[in-house]
Amino acid sequence: MQTDINQKIIFVYNADSDFFSQIKDLVIKITTPEKYTCNLCAVTYGPLEMKNEWKNFLKTLPQEKVFMHRDEFHSAYLHLSEIQLPVILSEENNIIKVVVSADEINREKTLSGLEHLVRSRLK
């Protein structure tokens with residue numbers, strides 16, 4: 001995949017955006033992290049905020065970055081409801097491609113491994 005500054009990277013979390021969902025997710029992440037359903041969140045976020053290493057990595061990518069929760073993604077991209085979450089997508093000229101699939105994200109347990117996977121796919 002060729003890197004283009006006009007390209008957008010969409011990070012879609014397997015979690016909803018409403019306040020109660022976020023509180024529930026926070027409690028699960030702290031008390032029973034093995035039951036948390038969004039590995040993209042688990043790897044890139046601490047209990048309350050995005051990890052600094054991930055923030056710094058994202059700054060190195062020239063593409064526009066968009067972050068969406070499951071409910072926001074399904075509202076904005078109804079035609080893509082079959083895509084398993086979490087997922088990292090690219091969008092260019094209204095063409096959306098999977099950069100890193102849910103299976104790949106769910107297998108990745110380290111931030112550096114996820115960063116390597118993203119960078120290698122965007123080359």
Do [X] and [Y] touch side chain to side chain, with heavy atoms closer than 4.5 Å?
X: V118; Y: L61; answer: yes
X: L48; Y: L26; answer: yes
X: R70; Y: D16; answer: yes
X: F73; Y: L80; answer: yes
X: Y77; Y: I83; answer: no
X: N56; Y: K59; answer: yes
X: P86; Y: N106; answer: yes

Rounded to the nearest 0.5 Å, how far does [atom2] of [Y] lie from [atom1] of [X]?
X: E104; Y: N39; atom1: CD; atom2: CG; value: 12.5 Å
X: I88; Y: L114; atom1: CD1; atom2: CG; value: 5.0 Å
X: N93; Y: K8; atom1: CG; atom2: NZ; value: 11.0 Å
X: K55; Y: M50; atom1: NZ; atom2: CE; value: 7.0 Å
X: L58; Y: I9; atom1: CG; atom2: CD1; value: 8.0 Å
X: I96; Y: H79; atom1: CD1; atom2: NE2; value: 4.5 Å

(message) Holding to side-chain contact (heavy atoms from CB on, under 4.5 Å), I want the full list of residues that pass it with S17, two or more places apart in sequence or in another chain.
(response) Q22, H69, D71, E72
(message) Holding to salt bridge (Lys or Arg N to Asp or Glu O under 4.0 Å), I want the full list of residues that pass it with E108, two or more places apart in sequence or in another chain.
(response) none
(message) Donor-acceptor pair, distance only, cut-off 3.5 Å: does the side chain of D18 make one with the backbone of F20?
(response) yes
(message) Holding to side-chain hydrogen bond (donor to acceptor under 3.5 Å, both in side chains), I want the full list of residues that pass it with S81, two or more places apart in sequence or in another chain.
(response) none
Of the non-hydrogen atoms in [X] and [Y], which two are nearest, and what is the gap between them?
X: C41; Y: Y13; value: SG-CD2, 3.3 Å
X: Q84; Y: V87; value: O-CB, 3.6 Å
X: K51; Y: G46; value: CG-N, 3.8 Å

(message) Is it the case that atom NZ in K24 sees more than 12 heavy atoms from other parts of the structure closer than 6.0 Å?
(response) no
(request) Kindly assign one of parallel, tilted or perpendicular to the pair F11 and F67, based on the angle between their ring planes and the thresholds 30° and 60°. (result) parallel
(request) Kindly indicate, with the supporting measurements, whether the criterion side chain to side chain contact (heavy atoms under 4.5 Å, CB included) is fulfilled by H116 and T110. (result) CA-CA 10 Å; H116 175 74; T110 66; over 6 Å; no
(message) If we count only N and O atoms by modelled type, under 3.5 Å, do the side chains of R119 and T60 hold a donor and an acceptor together?
(response)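 Distance-only check passes for R119 and T60.
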